[in-house]
Amino acid sequence: MKLATWNINSLKVRLPQVLDWLAANPVDALCLQELKLPDEKFPLEAFTEIGYQANWAGQKTYNGVAVITRGAGTDVQRNLPAYDDHQQRIIATTLDSPMGDIRVISAYCPNGQSIGSDKYEYKLEWFKALRSWLRDELQRYPRLAILGDYNVAPKDEDVHDPLKWIGDVLVSEPEREAFGSLLELGLSDAFRQFEQEEKSFTWWDYRRYAFRRNAGLRIDHVLLSQALQPYCTACVIDKAPRANEQPSDHVPVIATLDFAAALA
DNA sequence: ATGGTAGACCATCTA
C-alpha cells in the first residue's frame with residue numbers, strides 16, 4: 001500500500017500534472033493540499049476516468065484539501081469537529097486494507113505568515129485543536145496516517161540554511177513544539193525512520209532560483225501511528241515534478257506500507 | 001531592509 005501527499009498550489013493549474021503523476025505513481029491514496037477552488041469546481045470526473053475516487057473540502061481562492069483514493073472511502077470527515085474554522089484544512093477518510101481499516105487524513109496546516117502575527121497565533125491555536133482531535137481519532141482508528149503540508153521544518157537538518165532561518169516562521173521553536181506535540185501522541189515522522197540524503201526538502205520558494213540552489217525546507221510530512229509504523233518499508237520525496245513546466249512549489253512525499261509479512 | 005515569483009482575481013492577499 002502506498003500513501004502520498006502533495007501540496008499542488010491550485011488544482012486548476014496542476015490537474016494535468018496530478019493526473020500524469022498518478023499514472024506514473026499509482027498510489028492507493030494521494031492527499032492534496034491548496035486546491036484553491038470551491039467544492040463545485042472539483043474535477044471529480046478527471047479522477048474517476050483514471051480509476052480513482054475522491055473526497056474533498058474545497059474553498060474559493062485559498063486552502064482546500066482532498067484525498068484521492070483507489071477504493072471508496074468511508075466515514076468522511078471535513079475539518080476539525082471542535083474547532084470553528086471557515087478555512088478548509090482537513091479531510092479524513094477510512095480505507096480498507098488487508099490489516100483492516102486505515103484512517104487517512106490530508107492536512108493543510110496554517111502557514112503563520114510571520115512571527116507574532118494574527119496568522120501565527122492562529123497557526124498555534126490550530127495545531128492545538130489538531131492535536132486534541134488526533135488524540136480522539138487515534139482511539140477510534142489505531143491504524144492512522146496523517147499526511148500533508150505542516151508548514152513546519154521539524155529540525156535544523158530540514159532547513160537548507162538554518163542560520164539564515166533562525167527564529168523565522170516555519171522553523172520557530174513554538175511551531176516545532178506544536179509539531180512535536182503531534183509526535184507525542186505516538187505518531188512518527190516516516191521520512192526519518194530511514195536513511196536519507198542530506199538536504200532533502202519538499203518545498204522551495206518560487207523566488208531567487210531556490211530550487212536550482214536547493215534552498216528548500218522539509219515541511220511536508222507523513223506521520224504514522226504506532227500501529228502502522230512497523231509496516232512502513234520506505235518513505236521518499238519525489239523531486240521530479242518540481243522540474244515540470246509550471247510546477248507547484250512543493251513536491252510529493254510517498255510512504256510504502258507492506259503488510260505481506262504480517263499476513264503470511 | 002527590501003524584494004524576488006506564483007496563483008487567485010482585476011487591487012491586493014496569501015504563500
Side-chain angles (χ1 to χ4, degrees), chain A residues 5-21 31-43 46 56-66 79 83 85-91 106-127 130 147-154 158-172 174-176 178-179 201-221 237-253:
Chain A
T5 180
W6 192 6
N7 178 326
I8 37 83
N9 184 21
S10 168
L11 184 54
K12 186 185 174 189
V13 171
R14 235 67 70 186
L15 179 62
Q17 293 182 45
V18 173
L19 297 175
D20 286 351
W21 189 86
C31 297
L32 298 175
Q33 300 87 36
E34 285 207 87
L35 307 183
K36 293 188 170 178
L37 46 74
D39 279 341
E40 62 273 20
K41 294 265 179 73
F42 187 88
W56 64 94
Q59 180 187 333
K60 192 179 184 321
T61 310
Y62 302 121
N63 310 311
V65 286
N79 250 334
Y83 188 76
D85 189 358
H86 71 278
Q87 303 190 24
Q88 300 300 314
R89 299 185 173 279
I90 291 281
I91 185 95
S106 179
Y108 177 49
C109 306
N111 172 281
Q113 195 164 64
S114 58
I115 307 290
S117 67
D118 290 351
K119 293 187 180 68
Y120 183 77
E121 294 308 314
Y122 163 70
K123 180 177 192 171
L124 298 179
E125 285 289 305
W126 191 92
F127 264 95
L130 174 64
L147 306 86
D149 176 2
Y150 290 79
N151 271 310
V152 177
D158 304 309
V159 180
H160 70 96
D161 186 347
L163 288 176
K164 196 175 277 180
W165 278 81
I166 284 175
D168 217 337
V169 74
L170 311 184
V171 310
S172 77
E175 290 165 271
R176 286 179 168 176
F179 182 79
F201 307 125
T202 64
W203 170 84
W204 301 261
D205 200 300
Y206 282 121
R207 297 165 286 191
R208 293 180 295 183
Y209 307 104
F211 183 62
R212 196 194 287 180
R213 296 187 291 118
N214 197 28
L217 301 179
R218 192 177 70 93
I219 57 178
D220 300 87
H221 309 297
I237 296 169
D238 179 13
K239 279 170 71 171
R242 193 63 168 78
N244 290 348
E245 289 280 327
Q246 279 195 295
S248 170
D249 44 353
H250 297 250
V251 295
V253 184

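First the proteins, then the strands, lettered A, B, ... as listed; each starts at 1.
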Residues in side chain to side chain donor-acceptor pair (under 3.5 Å) contact with A:Trp165, at least two apart in sequence or another chain: A:His160
Using Watson-Crick or G-U wobble pairs with both distances under 3.5 Å, give me DNA chain B in dot-bracket, 5' to 3', with [ ] for crossers and | for pairs to another strand. ....((((...))))
Flag, side chain of A:Arg14 to backbone of A:Gln246, donor-acceptor distance under 3.5 Å: yes
Taking B:dT5 as the reference, what is the distance to B:dA1 when you measure between their P atoms (whole Å, please)? 22 Å
Under 3.5 Å, is there a donor-acceptor pair between the A:Asn111 and A:Lys123 side chains? no
Provide the distance between the two P atoms, one in B:dA6 and one in B:dA11, to the nearest whole Å. 23 Å
Hey, mind stepping through A:Asp85 and A:Tyr122 against side chain to side chain contact (heavy atoms under 4.5 Å, CB included) and telling me if it holds? CA-CA 10 Å; A:Asp85 189 358; A:Tyr122 163 70; 2.7 Å; yes
Name the nucleic acid region contacted by A:Tyr108, choosing base, sugar-phosphate or nothing; use a 4.0 angstrom heavy-atom cut-off, strictly under. sugar-phosphate
When the P atoms of B:dG3 and B:dA8 are compared, how many Å lie between them, rounded to an integer? 24 Å
Angle class for the A:Trp204/A:Phe211 ring planes (parallel below 30°, perpendicular above 60°, tilted otherwise)? perpendicular
A:Asn111 or A:Pro247, whichever maps to the more 5' nucleotide of DNA chain B: A:Pro247
Distance between the C1' atoms of B:dG4 and B:dC10, in whole angstroms? 22 Å
Start at the 5' end of DNA chain B and walk down; is the nucleotide closest to A:Lys119 or to A:Arg208 reached first? A:Arg208
I'd like to know if the side chain of A:Asp238 pairs up with that of A:Trp21 as donor and acceptor (distance under 3.5 Å, no hydrogens or angles considered). yes
Hey, does the side chain of A:Tyr206 reach the backbone of A:Asp249 with a donor-acceptor pair shorter than 3.5 angstrom? yes
Gap between atom CD of A:Gln17 and atom CH2 of A:Trp6 - 0.5 Å precision: 5.5 Å
Tell me whether the rings of A:Phe179 and A:Tyr150 are parallel (<30°), tilted (30 to 60°) or perpendicular (>60°). perpendicular
Counted 5' to 3', the first and last nucleotides of DNA chain B within 4.0 Å (strictly under) of a heavy-atom of chain A are B:dG3 to B:dA15
Write down the distance separating the C1' atoms in B:dT2 and B:dG7, rounded off to the nearest Å. 22 Å
